[in-house]
Amino acid sequence: MEMFFLLSIIAVAIFVGVASKKFYDKPYVVNFAIALLMLLLVIQTIMMQPITTFGYVAIVFCSIAFLFQLVLGVRNVRV
């Protein structure tokens with residue numbers, strides 16, 4: 001399961017890089033891809049045992065980034 005999340009994180013990160021160049025006129029695609037990347041990072045960090053202070057900080061920051069990107073994606077779809 002851990003290998004699946006690691007490969008998913010790598011695949012989504014590559015997609016974010018490609019989407020930022022290819023879907024320049026559709027920013028919601030990039031926003032949702034970044035939101036998915038942040039969600040995968042949160043899940044991967046939660047699966048770590050034991051979670052250190054740095055892990056908790058990463059969970060908080062990635063959760064906030066996930067919410068911001070999700071809101072930006074929804075706002076860009078409506079426009």
Side-chain angles (χ1 to χ4, degrees):
M1 193 66 160
E2 287 184 27
M3 187 60 105
F4 171 74
F5 278 112
L6 290 174
L7 292 176
S8 297
I9 289 169
I10 292 169
V12 172
I14 291 171
F15 178 75
V16 167
V18 171
S20 65
K21 296 289 185 181
K22 188 169 183 149
F23 297 110
Y24 186 76
D25 57 337
K26 299 177 184 176
Y28 58 88
V29 173
V30 178
N31 291 126
F32 288 136
I34 293 173
L36 178 62
L37 182 62
M38 293 298 115
L39 182 65
L40 288 172
L41 288 173
V42 167
I43 293 170
Q44 180 66 30
T45 307
I46 289 173
M47 289 174 48
M48 290 176 18
Q49 294 297 327
I51 300 176
T52 61
T53 304
F54 183 69
Y56 287 119
V57 170
I59 290 170
V60 169
F61 281 128
C62 288
S63 297
I64 292 170
F66 167 74
L67 292 175
F68 280 142
Q69 290 298 322
L70 198 62
V71 168
L72 286 173
V74 170
R75 289 177 86 192
N76 285 331
V77 168
R78 291 185 182 171
V79 173

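Worth knowing before you read on, the calculation uses all heavy atoms, side chains too, and leaves out hydrogens, waters and symmetry mates.
Considering CD1 of I9 and CD1 of I14, their distance stands at 12.5 Å, rounded to 0.5 Å. Separating the CG atom in N31 from the OG atom in S20 is a distance of 11.5 Å, to the nearest 0.5 Å. Note that CG of L6 is 8.0 Å distant from CE of M47, once rounded to the nearest 0.5 Å. Atom CZ of F4 sits about 6.5 Å away from atom CE of M1, to the nearest 0.5 Å. Once rounded to the nearest 0.5 Å, the distance linking CD1 of I34 with CG of L70 reads 12.0 Å. Atoms OH and CZ, on Y28 and R78 in that order, are 14.5 Å from each other to the nearest 0.5 Å.
In the hydrophobic clustering of ILVMFWY residues, with side-chain heavy atoms under 4.5 Å counting as a link, I64 and I51 come out apart. L36 and V77 fall within a single hydrophobic cluster, where Ile, Leu, Val, Met, Phe, Trp and Tyr side chains are chained together by heavy-atom contacts under 4.5 Å. The cluster map of Ile, Leu, Val, Met, Phe, Trp and Tyr, joined by side-chain heavy atoms under 4.5 Å apart, puts V18 and V12 in different clusters. In this structure, F68 is a member of the same hydrophobic cluster as V60, with clusters built from ILVMFWY side-chain heavy atoms closer than 4.5 Å. Both L39 and L67 are assigned to one and the same hydrophobic cluster, defined by single-linkage of ILVMFWY side chains at heavy-atom distances under 4.5 Å.
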Practice prompt. Please report the C-alpha distance between F32 and V74 in whole Å, then the side-chain angles of each, then the deciding distance to 0.1 Å, and finally whether the side chain to side chain contact (heavy atoms under 4.5 Å, CB included) criterion is met.
Written response: CA-CA 9 Å; F32 288 136; V74 170; 4.3 Å; yes
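When the shell of 6.0 Å around CZ of F61 is examined, it contains 12 or fewer heavy atoms from other residues, nucleotides or ligands.
Closest approach of V42 and C62 over heavy atoms only: CG2-CB, 3.5 Å. Nearest approach of F66 to A35, heavy atoms of both residues: CD1-O, 3.1 Å. Looking at every heavy atom in both residues, T45 comes nearest to G55 through CG2-O, 3.4 Å.
Put simply, the side chain of L41 does not reach to within 4.5 Å of the side chain of Q44, judged on heavy atoms. Between V29 and F15, the closest side-chain pair of non-hydrogen atoms falls below 4.5 Å.
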